[in-house]
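Working notes, beginning with the structure itself.
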Amino acid sequence: MNKNIFVTLAVSAIAYGTPLLLAGLGELLTERSGVLNLGVEGMMLMGAVTGFTVSQKMHGPTWLILVVALIAAAAAGGVMALIHAFLSITVRVNQIVSGLALTIFAGIAGLSSYLGSVWKVGGQHGLHQFRRINVFGLKNVPVIGPIVFHNDAFVYLSWVLVIVVSWYLYRTRMGLYVRSVGESPDAADAMGINVTKYRYLHTIVGGAFAGIGGAYFTLAIAPIWTDGLTAGYGWIAIALVIFAFWRPDLLVVGAYLFGVLSSLGFTLQARGVHWPTEFFSSLPYLMTIVALVAASTGWAKRRLGTPAALGRPYSREAA
Amino acid sequence: MKFERRLNYPRWLTFAVPVASLVLAAIITGMVLVATGHDPLTTYHQMYQSAITAHGGLTSTFVYATPMLFAGLAAAIAFRMRVWNIGGEGQIYMGAVGAAGVGLALGSWPRPLLIAAMMTGGIMCGLVFALIPGVLRAYFRTNEILVSLMLNYAAGYFIYYLIYDSTSYWRDRTSFQARVFPLGKNLAPKANWPVFKIGAFVLPFGFVVGIVVALLLWMVIKATRYGFEMNVIGDAPAAADYAGIRTKRKIVSVMAVSGAIAGLGGASQIGDFGHTLDPRGLQQAGYGYTGIVVAALGLYNPLAVVLVSFLIGALTNAGYALQGPHFPVGLVGTTQGIILFCVLGGEILARYRIRLGHAATAPPVDQEALPADDERPPALAAAEVQP
């Protein structure tokens with residue numbers, strides 16, 4: 001392998017960063033509406049197992065199977081998010097506990113694992129997989145080719161979604177309403193915005209994004225299902241939203257930075273630099289802490305706002 | 001669907017709601033079982049048998065209940081004050097590292113001193129590790145949920161590094177097995193914590209320590225200024241500031257107590273059960289996260305946490321004992337999650353009445369929706385339907 005180390009790192013950053021980007025975008029939408037959902041890991045696992053099972057059991061042309069599997073994964077994540085939405089928005093349970101409950105319910109030793117064994121998909125080798133597309137036949141263009149023009153459909157989907165979400169949040173009326181619901185539900189309610197409806201909608205859509213992010217593991221990275229295969233990516237996605245100050249454009253930077261760090265240990269080892277891989281593996285987590293501290297300084301707080309009502313249930317009686 | 005605050009809270013609800021929630025959870029779990037081709041009653045009976053009545057069943061229930069008790073208490077004390085220490089998992093790892101290190105280093109000490117030193121080692125490591133999110137939260141206003149969560153992963157990689165990827169003090173490099181597969185050093189038998197034997201049933205020392213800690217916490221909460229200030233900060237942070245309570249210091253100290261208890265739980269994993277630092281075992285168990293469930297189910301009351309840790313311990317033990325083609329391991333978490341959803345939802349429903357199908361403006365007095373409750377004074381009932 002005589003590849004440019006930059007290209008190697010960039011390609012693996014995209015591979016590791018894409019599920020983070022997808023799940024992070026979903027959590028970003030949810031948090032922008034003022035709901036904190038800590039159940040991302042569980043929703044990703046549900047998306048992963050559901051998408052994989054559909055791709056294994058369905059018959060038909062590969063492209064159709066993969067599209068249906070992707071929709072099923074999104075639906076699975078959305079249904080999980082609906083539980084959280086009901087508990088945290090309607091019943092007004094503590095959002096932290098409800099989100100953790102969701103991760104336990106759906107997570108590594110929960111429903112995703114149970115469904116995996118009921119559907120008997122554990123250890124099966126996948127029949128269908130999203131493969132890299134050689135866009136416009138440009139994959140051999142130096143440097144840019146392998147990074148930009150030779151990815152799987154998930155990657156391109158995630159890029160489209162980043163643009164769509166940015167446009168939605170900052171350029172549409174609904175986006176403005178979502179942000180106001182997350183900042184000041186009282187004011188939004190007084191303006192006639194249906195706070196409950198907006199929060200439900202964005203929690204469920206956030207879950208669907210997480211489900212797609214989870215499906216990336218079983219439909220693109222390696223077509224195989226094992227319990228807990230998302231390995232904490234759901235938690236990193238939550239951290240990433242804060243790291244990115246709730247902005248879709250910075251989320252891209254953050255996701256790929258985490259991707260680079262996840263793979264840096266192996267890449268350097270392959271080149272004869274022997275630092276413990278655990279050090280590099282824990283770097284994303286430690287970096288997040290540093291970013292969090294930086295983000296919580298007064299300067300950052302003033303300029304880069306957390307949705308002010310994040311994590312707070314809204315009810316008219318308390319107002 | 002609409003919720004209305006209950007104006008009077010009948011005392012029987014305090015007991016009826018958790019019981020009803022558990023029954024509901026059992027019904028929903030039963031539906032999951034039926035949907036996947038299992039007979040719920042048979043399964044529940046088998047679970048009861050393997051957790052309580054089977055030979056050694058109760059003993060293994062306490063093997064699961066002990067770490068859950070420590071993790072539950074650690075979460076309960078912090079969550080009471082709305083300091084969200086999700087880092088019990090990592091603090092348990094670090095406590096285990098500390099206790100195992102002390103146990104290995106001081107193997108020549110007399111047994112009571114050695115055990116006390118192991119506990120101290122676990123407590124100190126858990127405490128110091130919890131201070132990181134505590135100090136950052138108190139003095140930099142950094143979100144402690146995410147910091148403590150990130151530290152769980154860092155701690156996980158750290159203990160993994162100690163045993164699998166380094167020549168650390170904790171790693172066994174002499175025995176034959178350890179050359180084939182990396183293992184932690186075994187502690188001297190003297191460092192094993194005592195057990196209480198009642199017939200065939202073995203109660204671990206750690207669980208008794210946990211009960212003592214629970215009693216202490218309960219007394220602190222009920223009867224001391226420290227506990228009172230905790231409640232004020234938790235319920236009304238602004239009022240605490242006006243009253244001159246030093247909120248920042250309190251956050252740090254509560255995090256320290258929480259981490260110390262979790263660290264003690266890690267020490268108990270070494271002293272009571274493992275007798276060696278076993279990163280995989282600790283990580284797979286995930287007691288720190290289960291502890292949050294335990295604390296929430298016990299409504300953050302230390303004494304209730306003792307009871308809940310036993311129940312969830314029994315449930316987990318039953319799950320793993322029955323594990324096989326007819327009882328996949330995934331049911332353990334599924335059941336825990338369903339119970340948690342039901343109890344969380346039920347607790348709020350106890351404080352509110354549900355109304356179905358309401359017009360948004362000027363609701364008419366719906367006589368059927370108002371329960372015929374003789375205890376309700378008519379004035380209150382009328383006040384409730386005011387738009």
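Numbered from 1 within each chain, the chains take letters A, B, ... in sequence-line order. Every heavy atom of this structure was used, including side-chain atoms; hydrogens, water molecules and symmetry mates were not. Since the structure is predicted, the reported quantities are computational estimates derived from the model, not experimental observations.
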Query raised in the report: If we ignore angles and hydrogens, is there a donor and acceptor under 3.5 Å between the side chains of B/Thr290 and B/Gln336?
Result: no

Query raised in the report: Have B/Arg280 and B/Tyr160 got a donor and an acceptor in their side chains that come within less than 3.5 Å?
Result: yes

Query raised in the report: Hey, which of B/Leu340, B/Val332, B/Ile132, B/Leu331 has the most heavy atom pairs under 4.5 Å with chain A?
Result: B/Leu331

Query raised in the report: So which part of A/Leu292 gets closer than 4.5 Å to some heavy atom of chain B, the side chain, the backbone, both or neither?
Result: both

Query raised in the report: At a heavy-atom separation under 4.5 Å, does B/Leu136 approach chain A through its side chain, its backbone, both, or neither?
Result: side chain

Query raised in the report: Can you check whether A/Ile193 reaches A/Tyr198 side chain to side chain, under 4.5 Å on heavy atoms?
Result: yes

Query - Donor on one side chain, acceptor on other, A/Asn37 and A/Glu31, under 3.5 Å - result: no

Requested in this report: Identify which of A/Ser113, A/Gly110, A/Ser98 forms the greatest number of heavy-atom pairs closer than 4.5 Å to chain B.
Outcome: A/Gly110

Query raised in the report: Considering only heavy atoms, which portion of A/Leu111 lies under 4.5 Å from any heavy atom of chain B: side chain, backbone, both, or neither?
Result: both

Query raised in the report: Pairs in or reaching into residues 143-162 of chain B: which pass salt bridge (Lys or Arg N to Asp or Glu O under 4.0 Å), with residues at least two apart or in two chains?
Result: B/Arg137-B/Glu144

Requested in this report: For each of B/Ser166, B/Ala296, B/Gly337, B/Gly286, tally heavy-atom pairs with chain A at distances under 4.5 Å, and name the one with the top tally.
Outcome: B/Gly337

Report summary line: If one checks every heavy atom of A/Val118 against chain B at 4.5 Å, the contacting part turns out to be side chain

Report task. Check each atom of A/Ile83 against the heavy atoms of chain B and say whether the ones under 4.5 Å are side chain, backbone, both or neither. Result -> side chain

**Report entry** N/O donor-acceptor pair under 3.5 Å between B/Asn85 side chain and B/Ala78 backbone
**Finding:** no

Report task. State whether a side-chain donor-acceptor pair under 3.5 Å links B/Tyr93 with B/Asn152. Result -> no

Query raised in the report: Do the rings of B/Tyr157 and A/Tyr285 sit parallel, tilted or perpendicular, given the 30° and 60° boundaries?
Result: tilted

**Report entry** Part of B/Leu344 within contact of chain A (heavy atom distance under 4.5 Å)
**Finding:** both

Report task. Please flag which part of B/Leu149 lies under 4.5 Å from any non-hydrogen atom of chain A: side chain, backbone, both or neither. Result -> side chain

Query - Residue A/Ile104 versus chain B: region with a heavy atom under 4.5 Å - result: both

Report summary line: Max heavy-atom pairs within cutoff under 4.5 Å with chain A, candidates B/Tyr161, B/Phe79, B/Tyr164, B/Phe158, goes to B/Tyr161

Query raised in the report: Is chain B contacted by the side chain of A/Leu283, its backbone, both, or neither, given a heavy-atom distance below 4.5 Å?
Result: neither

Query - Side-chain (B/Gln283) to main-chain (B/Gly156) donor-acceptor, under 3.5 angstrom - result: yes

